[in-house]
Amino acid sequence: MSKPESHRYCVGYALEPKKVHSVILESLVDHANQRGIDLIQIDRTRSLIEQGRFDCIIHKLYSEDWKKQLDEFSSTYPEAVIIDRPQLIERLHNRVSMLEVVNQISIPLENDTVGSPKQWVIKESKTLDDANAIEELGLIFPLIAKPLEANGGPNSHNLCLVFDQSGIKKLSIPVVLQEFVNHGGVIFKIYVAGQHITCVKRKSLPDIPEEKQKTMTGKLPFSRVSSLAVRNDSHNEEDDTAQNNVEKAEMPPDSLIEGLAKSLKEAMGLNLFNVDLIRDASDPTRYLVIDVNYFPGYAKLPNYVPFFTNFLWDIVHSKTA
Ligand SMILES: O=P(O)(O)O[C@@H]1[C@@H](OP(=O)(O)O)[C@H](OP(=O)(O)O)[C@H](O)[C@H](OP(=O)(O)O)[C@H]1OP(=O)(O)O
Ligand SMILES: Nc1ncnc2c1ncn2[C@@H]1O[C@H](COP(=O)(O)OP(=O)(O)O)[C@@H](O)[C@H]1O
Ligand SMILES: [Mg+2]
Ligand SMILES: [Mg+2]
C-alpha cells in the first residue's frame, strides 16, 4: 500500500491576473494537491510577510515594492525558496544581456555549434538617420529589429523586419538590430523548470528567399509569431505549408537540448525559463539562440501538469533552487 503524503507543502504564486489564468490551471492545482503541494495565490493587496509561511514562492512580478517584499520575506523565513531571485531575472529583460550568457557557456558537442546571431544596439535616434553611421556598423540586410527591453511591456514583442536604410530610419530607439537567419520557418522552444527540460517545435517566420531580399524595401512589423500556431484555428494554404515544415523538421540532438538548458540554468542561476532556438537553413550544424524568456507559457506544453508539478515537488523536497 502506498503511503499517503503526511506533510503538506505550501507554494505561493505571485503573477499578473492574465498569467494566473493561463498558467495556474485547475488541473495543475489538483495534481499538485494530490502530491502534497498546496498552490496558494499570494494576495497582492496585502503585505507578503503577513500572509504567513510558504515553503516556496514562484513569481513573475518586477515592481520595486515586490522586490522589497520578497527581501523582507526571505529575512523572516530564510528557509523558504524563492523561485527566482529578481536580481537574476533582470538579465532577461534586456535583449543584449539575455544573449551574452549564450556566448559565455560551453557545451560539449560533436559537430554542431550553438551561438547567437550577430547584433548591434542603437541607442541614439541620430544614428538611425545617419546613413554613414549605419554603413560603418557593417550591418547586413535583412535585419530583424527588436526593442532592447524585453520585460513583458506593451512594446516588448513589437518586432520588425528591416530591408534597407529607409526601414532603419523609421525605428524607435533603443533598438537591437539582429542578423536575420533563414531557418526553414521552424523554431525550437526549450522549456526548463529546474532539472526538467522539454523541447517543442513551433511555426516561426518563413525564410526570405535571396531574390526577395534584394527587392524588398522599408520595414515590415510583426508580433508573437511562434504563439500564432498555438492560438490560430483558421487555416489557409500558406498555414498548411508552414505547419507541414514544422511537422517535418528534425529535432535538435538531445545532447544539445540538454547541454544548452543545463549550462544556461547554471550560468544564469534561474529555474524557470525557455529558450528560442533556430537552425540555420544554409548550415544545419549552426544553431542560434534568439530569445530567452523568464517564466514562459508552460501550459502550452502537452505534458505541462506533471512537468510543472515534478519541478515543484523537487523544490519543496530538496529545498534548493
Ligand atoms: O502568454 P504566453 O503563454 O504566450 O507566454 C509568453 C511566452 O510565450 P512562449 O511560452 O515562449 O510561447 C513569451 O515567449 P516569447 O517571447 O513569445 O518567445 C514570453 O515569455 C511572454 O512573457 P513576456 O511578455 O516576455 O513577459 C509570455 O507571456 P506571459 O504569459 O508571461 O505574459
Ligand atoms: N535572428 C533571427 N532570424 C530569423 N528569425 C528571427 C530572428 N529573431 C527572431 N526571429 C523570429 O521572430 C520571432 C520573435 O523573435 P523573438 O526574439 O523570439 O522575440 P519575442 O520575445 O517577441 O518572442 C521568433 O519566434 C522568430 O520567428
Ligand atoms: Mg521568442
Ligand atoms: Mg521573448
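One is the number of the first residue; the rest follow in order along the sequence. One-based numbering, in listed order, for ligands and for the atoms of each. From a predicted model like this one, the values you see are computed outputs, not experimental measurements.
For a threshold of 3.5 Å applied to N or O pairs, the pair formed by V181 and ligand 2 contains at least one separation below that value. By the 3.5 Å distance cut-off applied to N or O atoms, K146 is counted among the residues near ligand 2. The distance criterion of under 3.5 Å between nitrogen or oxygen atoms is not met by P296 with respect to ligand 1.
The side chain of Q178, and not its backbone, has at least one atom closer than 4.0 Å to an atom of ligand 2 (non-hydrogen atoms only; side chain from C-beta on). At a heavy-atom cutoff of 4.0 Å, ligand 1 is contacted by the side chain of Y191 but not by its backbone. Residue E16 does not touch ligand 1, judged by heavy-atom distances below 4.0 Å. When heavy-atom distances to ligand 2 are checked against a 4.0 Å cut-off, D276 comes that close only through its side chain, counted from C-beta outward. Within the 4.0 Å heavy-atom criterion, both parts of L205, backbone and side chain, lie near ligand 2. Neither the backbone nor the side chain of N182 has any atom closer than 4.0 Å to an atom of ligand 2 (non-hydrogen atoms only).
Nearest N/O/S atom of D291 relative to the Mg ion (ligand 3): this is OD2. D276 contributes atom OD2 as its closest N/O/S atom to the Mg ion (ligand 3).
Atoms CG and CD1, on D276 and I290 in that order, are 5.0 Å from each other to the nearest 0.5 Å. Taken to the nearest 0.5 Å, the OG atom of S63 stands 8.0 Å off from the CD atom of Q69.
Counting only N and O atoms by type, the side chains of R85 and S74 include a donor and acceptor under 3.5 Å apart. S282 and N182 form no side-chain donor-acceptor contact under 3.5 Å, judged by distance and modelled atom types alone.
Residue G152 approaches ligand 1 through these ligand atoms, each under 4.0 Å from one of its heavy atoms: 23 (P), 24 (O), 26 (O). Near F180, meaning under 4.0 Å from one of its heavy atoms, ligand 2 places the atoms 3 (N), 4 (C), 5 (N). Close approach of ligand 2 to H157 is summarised as follows: ligand atoms under 4.0 Å from at least one heavy atom of the residue are 20 (P), 21 (O), 22 (O). Close contacts of ligand 1 with K18, meaning ligand atoms under 4.0 Å from a residue heavy atom, involve 1 (O), 29 (P), 30 (O), 32 (O). Of all the atoms in ligand 2, the ones that sit under 4.0 Å from a non-hydrogen atom of S204 are 26 (C), 27 (O). Of all atoms in ligand 1, listed by their number and element, those nearer than 4.0 Å to a heavy atom of D276 are 18 (O). The ligand atoms of ligand 2 that sit less than 4.0 angstrom from a heavy atom of H183 are 4 (C), 5 (N). Set against the non-hydrogen atoms of R202, the atoms of ligand 1 under 4.0 Å away are 12 (O). Taking a cut-off of under 4.0 Å to the non-hydrogen atoms of D291, the atoms of ligand 1 that pass are 15 (P), 16 (O), 18 (O). Of all atoms in ligand 2, listed by their number and element, those nearer than 4.0 Å to a heavy atom of F222 are 12 (O), 13 (C). The distance from ligand 1 to the heavy atoms of K300 drops below 4.0 Å at these ligand atoms: 2 (P), 3 (O), 4 (O), 5 (O), 8 (O), 9 (P), 10 (O), 12 (O). Taking a cut-off of under 4.0 Å to the non-hydrogen atoms of H157, the atoms of ligand 1 that pass are 16 (O), 23 (P), 24 (O), 25 (O). Close approach of ligand 2 to D291 is summarised as follows: ligand atoms under 4.0 Å from at least one heavy atom of the residue are 16 (P), 17 (O), 18 (O), 19 (O), 20 (P), 21 (O), 23 (O).
At least one heavy atom of P117 sits less than 4.0 Å from an atom of ligand 2. In this structure, R95 has a heavy atom closer than 4.0 Å to ligand 2.
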- Message: The test is salt bridge (charged side-chain N to carboxylate O under 4.0 Å, His left out); show your working for D239 and K203 and say whether it passes.
- Response: CA-CA 9 Å; D239 279 345; K203 184 174 138 185; 3.2 Å; yes
- Message: One pair to check against salt bridge (charged side-chain N to carboxylate O under 4.0 Å, His left out): K265 and E258. What are the steps and the verdict?
- Response: CA-CA 10 Å; K265 176 181 181 290; E258 285 197 10; over 6 Å; no
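Within a 6.0 Å radius of CD in E110, other residues, nucleotides and ligands contribute 12 heavy atoms or fewer. Under a cut-off of 6.0 angstrom, the local environment of NZ in K169 is sparse, with at most 12 non-hydrogen atoms contributed by other residues, nucleotides or ligands. Heavy atoms from other residues, nucleotides or ligands lying under 6.0 Å from CD of E149 number 12 at most. Within a 6.0 Å radius of NZ in K170, more than 12 heavy atoms belonging to other residues, nucleotides or ligands are found.
Among the candidates L272, I89, I42, the single residue satisfying the side chain to side chain contact (heavy atoms under 4.5 Å, CB included) test with H59 is I89.
The main-chain N or O of F295 is found under 3.5 Å from a side-chain atom of K60 such that the two form a donor-acceptor pair.
Ring centroid separation for the pair Y9 and H317 comes in under the 6.0 Å cut-off.
Of the options V292, N151, N293, the smallest heavy-atom separation from atom 16 (O) of ligand 1 is shown by N293. Nearest-residue assignment for atom 30 (O) of ligand 1 (options K189, K19, H93; heavy-atom criterion): K19.
The salt bridge (charged side-chain N to carboxylate O under 4.0 Å, His left out) search around D38 returns R8, not counting sequence neighbours.
The minimum heavy-atom distance linking T285 with N111 is given by the pair CB-O, 3.8 Å.
Tracing side-chain contacts under 4.5 Å through hydrophobic residues (I, L, V, M, F, W, Y), one never reaches M216 starting from F141; they form parts of separate clusters.
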